[in-house]
Protein chains: 2
Amino acid sequence: MATVSNVLNGKPSVSQGFITRVRAAVDELGYVADSHASRLRSGKHSLAGVVVPDLSNPMFGAFVSTLERLARDDGFDLLVVSSANDPDQEAERLRSIRSWRPAGLIVIPCDGRLSARLPRGGNPPIVVADRIPDDGGFDLVAVDNAKSAAAIAAHLAGEGHRTCLVAGSMLAISNVRERWEGAAAAAGPMAIEMVESGLDRGVIRDRLRARLSAGTRPDALFTLDHLTTLVAYQLLAELGVSIPRDIAFASFDDTEWMHLVTPPITAVRQPVEEMARAAWTQFIRRLSGGDAVPRTLRLSCAIEIRGSSLRRTGLPDNAAA
Amino acid sequence: MATVSNVLNGKPSVSQGFITRVRAAVDELGYVADSHASRLRSGKHSLAGVVVPDLSNPMFGAFVSTLERLARDDGFDLLVVSSANDPDQEAERLRSIRSWRPAGLIVIPCDGRLSARLPRGGNPPIVVADRIPDDGGFDLVAVDNAKSAAAIAAHLAGEGHRTCLVAGSMLAISNVRERWEGAAAAAGPMAIEMVESGLDRGVIRDRLRARLSAGTRPDALFTLDHLTTLVAYQLLAELGVSIPRDIAFASFDDTEWMHLVTPPITAVRQPVEEMARAAWTQFIRRLSGGDAVPRTLRLSCAIEIRGSSLRRTGLPDNAAA
DNA sequence: GTGAAAGCGCTAACAA
DNA sequence: TTGTTAGCGCTTTCAC
């Protein structure tokens, strides 16, 4: 019995004859050792917990997809849970996932207050990705939000737009905050203004419509997250506001469709795969005890300037009333 | 010790005083019972395995996302693995996931030969979704591929198109096959032809380009899966083939961007959430031993007729050379 | 209503 | 190199 265990775990002290016989029996029976019993006795196993805000967001889907592949290569399985962008649910998930005693967690938190939601009583190593918690102490992988947003703002200002509306879910989410701050700092002569659009489609729609219908329409609209971009783009079409003639448009977060529409949308392309890869690498490094202090990694984004944000041809100046 | 267990599992035979004290201690310590030990002793736990071909496909992302929510509501955790559309990897995943002794599996198989890839030695209940295995014996939730594809083909024929190219990954995938057969059966006077485009972006591109550049260009193009749609749409733009002037375009699988482009794309909208919901319901039903024989459920799709497939205005007839 | 003891399927430690 | 024994953290059983 112990010998079977030794064969399956590749221990050296087993005779060739036994190895062969055990393998044959295992194949015939389709036997796979029980991970639970195995973990219980050895204390070790290869299970990683993944907590994301929303799996239906293509960015998080791509993140988990890449993570799954890398985890598999390292023999890990993934327990995936969604916080549904809700702090309370996130807290509950972080708590209940501990019952599996995962080797560690990879978390995209729903806002900055992650520390406050960690259950007491010894958590496994945590690598935080994409969004930066208010408190330090975590390994961290994110993109250079401020710099990339600044590049977009500078581009929009450079195209001669005078006023810019920035719309993103919530400033409580670090990357939205960093993007806004980066854009605001780089706006130069362009007047720039922020609206928190929320996390719900309907709410986003209402808030954007209210702002776009009231008073002077901004020359440019810069959306800071995928859902806001989607809703804004649809809304502009419905309102008959033409891109880029009536308004310039740019997005943080580049998804498939943005270069398929006409004109294609200027966007910040986040290196999602690279982020997942970096998170996994750091996860493994942390588990093997290599690092002493938490590591922070900031990845660069590509700025994709496309037709949606280019100067309105033939119009010398702001034509909105 | 046993009493603590009884409190946590809500057993009735515990005094109120004990319940209060145990809960207080649990809260203070952040204690969560070890699922592994718990499963080992009781033989029961709430873990479901999910096997999908590719998490980065938005359709599967939405599927898993919905599943995760429903699972959570029923107290289940989800072990998610991807087969990367590769039968060998699928077989390996199906095998290794058994080490967790999941209560059951929900599988979107990568092709029809699922049975052949199941490890011997007693598998847990399996609900198959989206794609139909060649062998019966599984609970099944899928959409009415043939009927929906037929509706598209009939629509294209009705618009006066004379020739139609159908492109989908592989006929070995049941839903692609059903879609092709449904379309072929409903083409009427319209000449219809199928090309298997493959699963790899580059390959899809090459095959489509070869077909679209050679000989007579078809009047209409009907793509049967998301990746083929994406690649085809980009390719048409690059080739300068205008939709719908030069070619009518329709897609099986409706994603966000298809109604954002100009003209919006005619598509079959699959009820992904409903499919996930039905799969979960069946999963729970199967676990509770309610059903004797496997159940098959076919869900209806919505046909979204949009601008991309409408008759070319002003052109009385087939203008292609 | 509570506590003591056994045992789930493994692996670690050690004896043979 | 192989076999035996103990025990991981729970839940079940059963005595109290």
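Not measured: the values here are computed from a predicted model. Naming: A, B, ... by sequence-line order, numbering from 1 per chain.
Distances shown here put every side-chain N or O of B:Arg21 at or beyond 4.0 Å from the OP1 or OP2 atom of C:dG1. At the phosphate of D:dG9, neither OP1 nor OP2 sits under 4.0 Å from any side-chain N or O atom of B:Tyr31. For the OP1/OP2 pair of C:dC10 and a distance below 4.0 Å, the side-chain nitrogens and oxygens of A:Ser35 include no atom meeting the criterion. Of the side-chain N and O atoms in B:Ser5, one or more sit less than 4.0 angstrom from OP1 or OP2 of D:dT11. Of the side-chain N and O atoms in B:Asn9, one or more sit less than 4.0 angstrom from OP1 or OP2 of D:dT11.
Which of D:dT11, D:dC8, D:dT1 sits closest to the side chain of A:Ser13 comes down to D:dT1. The side chain of A:Ala37 lies closest to C:dG9, out of D:dC10, C:dT11, C:dG9. Which of D:dG3, C:dC8, C:dC10 sits closest to the side chain of A:Phe18 comes down to D:dG3. Among D:dG9, C:dT11, D:dT1, the nucleotide with an atom closest to any side-chain atom of A:Met1 is C:dT11. Counting only heavy atoms from C-beta on, B:Ser15 has its side chain closest to C:dT2 among D:dG9, C:dT2, C:dC10. Distance from the side chain of A:Ala2 is smallest to D:dG3 among C:dC10, D:dG3, C:dG7. Distance from the side chain of B:Thr3 is smallest for C:dG3 among the nucleotides C:dC8, C:dG1, C:dG3. When distances are taken from the side chain of A:Lys44 to each of C:dC10, C:dT2, C:dA12, the shortest belongs to C:dA12. Closest approach to the B:Ala33 side chain among D:dC10, C:dG9, D:dG7 is made by D:dC10 (side chain taken as heavy atoms from C-beta onward).
The closest side-chain donor-acceptor pair between A:Thr255 and A:His226 falls under 3.5 angstrom. Defined by atom type and a distance below 3.5 Å, a donor-acceptor pair is present between the side-chain atoms of B:Arg72 and A:Ser96. Side chain to side chain, A:Asp74 and A:Trp280 meet the donor-acceptor criterion of an N or O pair below 3.5 Å.
When rounded to the nearest whole Å, the span between CZ of A:Arg98 and P of D:dG9 equals 14 Å. Rounding to whole angstrom units, NE2 of residue A:His36 and P of D:dC10 are separated by 14 Å. Straight-line distance from the CH2 atom of A:Trp100 to the C1' atom of D:dG9: 14 Å, rounded to whole Å. Following rounding to the nearest Å, A:Arg39 (CZ) and C:dA12 (P) show an atom-to-atom distance of 13 Å. Computed from coordinates, the A:Leu40 CG to C:dA12 P distance equals 12 Å when rounded to whole Å. A:Asn6 places its CG atom 17 Å from the P atom of D:dT5, with the value rounded to the nearest Å. In this structure, B:Arg41 atom CZ and C:dC10 atom C1' are separated by 15 Å, rounded to whole Å. Look at CZ on B:Arg101: it is 9 Å from C1' on C:dG9, rounded to the nearest Å.
Closest-nucleotide positions on DNA chain C for B:Ser42 and B:Val14 were compared, and the one nearer the 5' end corresponds to B:Val14.
A cation-pi geometry, defined here as NZ or CZ lying under 6.0 Å from the six-membered ring centre and within 45° of its normal, does not hold between A:Arg286 and A:Phe283.
Put simply, the side chain of B:Arg113 never gets that close to the backbone of B:Asp134: no donor and acceptor are under 3.5 Å apart.
Within the 6.0 Å centre-distance limit, the rings of A:His45 and B:His36 are counted as a close aromatic pair.
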